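Heads up: the structure comes next, in structure tokens.
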Amino acid sequence: MRMKRADWDAVLQTNLTSAHLCIQQVIGSMLKQRWGRIINITSIFGQMGRRQAKLRRVKSGLIGLTMAIAREVGSRNITCTPSLRLHRNRMTANLGDEFKQGAVKQSRSAA
């Protein structure tokens with residue numbers, strides 16, 4: 001809740017707006033071909049959350065964008081799929097192995 005607007009905008013631009021703009025660039029040719037595959041790689045924490053609420057919001061947004069695009073273009077043989085991953089980075093480095101394994105298992109059962 002203490003996040004500054006500029007920081008929020010940066011997180012949103014990086015994680016959600018960038019995916020939207022990429023999809024805009026490729027969707028026209030996919031629609032003409034009536035075929036295409038879009039895979040948006042995101043964090044499993046977009047589904048289940050764990051600290052870092054700001055990232056969870058935008059990762060959930062990316063999953064939602066992906067599913068909305070899938071519904072819009074699915075009838076034209078274009079798939080749009082979220083690929084949920086547990087990324088290795090400084091935010092996940094301190095999480096225990098048991099937690100990481102549980103998170104991956106939980107995300108697979110929710111997908």
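This is a predicted model, so every value here is computed, not measured.
Remark: the backbone N or O of Val11 is not paired with any side-chain donor or acceptor of Thr14 at under 3.5 angstrom.
Annotation: side chain of Pro82 is in contact with side chain of Met67 (closest heavy-atom distance under 4.5 Å). In this structure the side chain of Ile38 reaches within 4.5 angstrom of the side chain of Ile27, judged on heavy atoms.
The nearest pair of heavy atoms linking Ser75 to Arg34 is O-NH2, 3.8 Å.
Distance SG/Cys80 to CD1/Ile39: 9.0 Å, rounded to 0.5 Å. Expressed to the nearest 0.5 Å, how far CG of Leu16 lies from CZ of Arg57 amounts to 13.5 Å. Between atom CG of residue Leu65 and atom CG of residue Asn15 there is a gap of 12.0 Å, rounded to the nearest 0.5 Å. To the nearest 0.5 Å, atoms CD (Gln25) and CE (Met30) are separated by 11.5 Å. Taking NZ from Lys59 and CG from Asn40, the interatomic distance works out to 10.5 Å, rounded to the nearest 0.5 Å.
For the side chain to side chain contact (heavy atoms under 4.5 Å, CB included) criterion with Thr66, the lone passing option out of Ile69, Ile63, Leu62 is Leu62.
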Verdict with supporting geometry, Asn77 and Gln33, side-chain contact (heavy atoms from CB on, under 4.5 Å): CA-CA 9 Å; Asn77 200 30; Gln33 297 177 100; over 6 Å; no

Stepwise side-chain contact (heavy atoms from CB on, under 4.5 Å) check, Trp35 with Thr79: CA-CA 8 Å; Trp35 188 90; Thr79 62; over 6 Å; no

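Every pair tested for salt bridge (Lys or Arg N to Asp or Glu O under 4.0 Å) that includes a residue from residues 64-74 fails, sequence neighbours excluded, so the list is empty.
Every residue two or more places apart in sequence or in another chain that forms a salt bridge (Lys or Arg N to Asp or Glu O under 4.0 Å) with Asp9 is listed here: Arg5.
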